[in-house]
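Note sheet for the following structure.
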Amino acid sequence: MKMRNLRIFAAAAFFGCSLTIVADNVTAKVAPEGHITIAPEIYGQFAEHLGSCIYGGLWVGPESPIPNTEGYRNDVLQALKDLHVPVLRWPGGCFADDYHWKDGIGPRELRPKKQNTNWGGTIEDNSFGTHEFLNLCELLGCEPYVSANVGSGTVQEMEQWVEYMNSENDTPMARLRRQNGRDKAWGVKYLGVGNESWGCGGNMRPEYYADLYRHFQGFARDIDGHNLYRIACGASGGDEHWTDVLMREAGSLMQGISMHYYTVADWENHGKATKFSEDEYYETLATCCKMDGIISGHEAVMDKYDPQKRVGLMVDEWGTWWDVEDGTNPGHLYQQNTMRDAICAALSLNIFHRHAERVRMANIAQIVNVLQSMILTNMKGEMVLTPTYHVFEMYRPFQGATVLPIEANIPTQESAQGTLPLLSVSAARTTEGKTVIAIVNASLDKEQTVDLDGLKGKLSRARILTSNDVRDYNDFGARANAVVPATFKDVQGTQKGLSAKVPASSIVVIGIN
Ligand code: AHR
């Protein structure tokens, strides 16, 4: 383990020049003020027609014996309300470029059944469609983010979808919506124009997609005061060429451009969610932290064309991606979620805080039962909140808060996937004028004393998420609460601020009034 001098402008670690090694004691200087807001949408979620994310996860239908409100699972609904989800992306993912929205409106029994060709060949009965999604967003109090079909759809289809969702007037699509039981327009703001158009969305070259984007966006209209935030399909990981071409050819016609980055060290062999060695643990975290440099790379390209930072970078898919759990459909991407995933989530959120000036949205993949989900459900009516859920819940005060820049000495560790910061600290002033600090100690064996200088006020709530083993996870039945937040007591006020003793592999969130 070694220490480096790190300036943390936004929240997470980034590397500067080397300094003397100071083991087990880090001093972080927190600036009294900041000016960059953490968009609440950085805490966004993603729900795709994939496996049991929608069917069985969010939606069981009104006739189900599982307790529900108009078809939405009550347990999941409540858990998501508690999370204050700011934005939900739907219907995909790869599914979006095969989705024809008119299949999902009107009486459910009349909707066509189709095969979900992207995800396991499952039969899609379209019982969850536009109304079901947008009404869910209303119940959750979140912004909908609709991904339009560019890969196999038409400009007219997308134009009509926007009219259906946003027209208040006596227009053909608004009339159709009214026939289907909804009078008022929903007023959708976020519109994605294609998904992974370089891959499952059409295997396009950036030049070709840039022209398609220009074409489609011209018909994605602002209607009746419902102005769209148009999001162009962005790069796969660090593909800066894609971003460059898109910004050059169409930057002036978009409000946001996306980027997808998954924590996968080896796409041929993802590895098990719950069984991994210490080396694999550090490799995973190093892979996760590559996000920091990848975002910086895209930011530099975007700054070239948009120095005013008008266009947002939307990391609209991110998270860990493991082998599916034994006995489950390989096309359904169902995986467990351990303390390792929670640490990845916290490190990623700290990275997003650090880049909050450009990163305006991030959507973890996915909300229920798919990849690094918040929630796992089964059809016996049971639900489990994952360690990642608890991170999102603990970090809630960061939504809309103002980043307080930090300077700190950060210990690092080498791994086969590169260097990783063993400690990540993020601070912000909340919308209520309080201060919130998040500290992630990624070390497997070293407790870390963190002195936070420059903080004024009284300690309020302090919580910790940790477990005896980073492989621990929550499961149906007796182990549902194996990894849950607890009160954190090892923190005290000092003359300069406060001092916290943060145990190995843990996440601490401290509030100051
Ligand atoms: O989240 C699962 C899939 O990952 C999405 O459908 C796709 O966009 C990405 O490749």
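For ligands, and for the atoms within them, numbers begin at 1 and follow the listed sequence. Position 1 is the first residue of the sequence, and the numbers go up from there.
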For [X], the ligand 1 atoms whose distance to one of its heavy atoms is below 4.0 Å:
{"X": "Trp321", "answer": "4 (O)"}
{"X": "Leu371", "answer": "1 (O), 2 (C)"}
{"X": "Asn195", "answer": "8 (O)"}
{"X": "Phe46", "answer": "1 (O)"}

Problem - Nearest-neighbour protein heavy atom for atom 10 (O) of ligand 1, which is reported as residue plus atom name and distance - result: Glu196 OE1, 2.8 Å
Handout entry: atom 6 (O) of ligand 1: nearest protein contact (heavy atom, Å)
Key = Glu48 OE1, 2.7 Å
Practice task
Applying side-chain hydrogen bond (donor to acceptor under 3.5 Å, both in side chains), name anything that partners Gln417, two or more places apart in sequence or on another chain.
Solution key: Lys290
Problem - Under-2.5 Å SG separation for cysteines Cys142, Cys137 - result: no
Handout entry: 4.5 Å side-chain heavy-atom contact, Arg214 and Asp211
Key = yes
Practice task
Indicate yes or no: at least one non-hydrogen side-chain atom of Cys344 is less than 4.5 angstrom from one of Leu285.
Solution key: yes
Completion exercise
Note: heavy atom closest to atom 8 (O) of ligand 1, options His260, Gln366, Glu317, belongs to Glu317
Problem - Part of Tyr262 with heavy atoms under 4.0 Å of ligand 1, whether side chain, backbone, both or neither - result: side chain
Practice task
Return yes or no for this condition: an N or O of Cys94 is under 3.5 Å from an N or O of ligand 1.
Solution key: yes
Practice task
Examine ligand 1 and decide if any of its atoms is less than 4.0 Å from a heavy atom belonging to Phe95.
Solution key: no
Handout entry: NZ/NE/NH1/NH2 to OD/OE distance under 4.0 Å, Arg108 and Glu132
Key = yes
Completion exercise
Taken to the nearest 0.5 Å, the spacing of Ile367 CD1 from Leu136 CG works out to 7.5 Å
Completion exercise
From the list Glu317, Glu143, Glu41, salt bridge (charged side-chain N to carboxylate O under 4.0 Å, His left out) with Arg89 holds only for Glu317
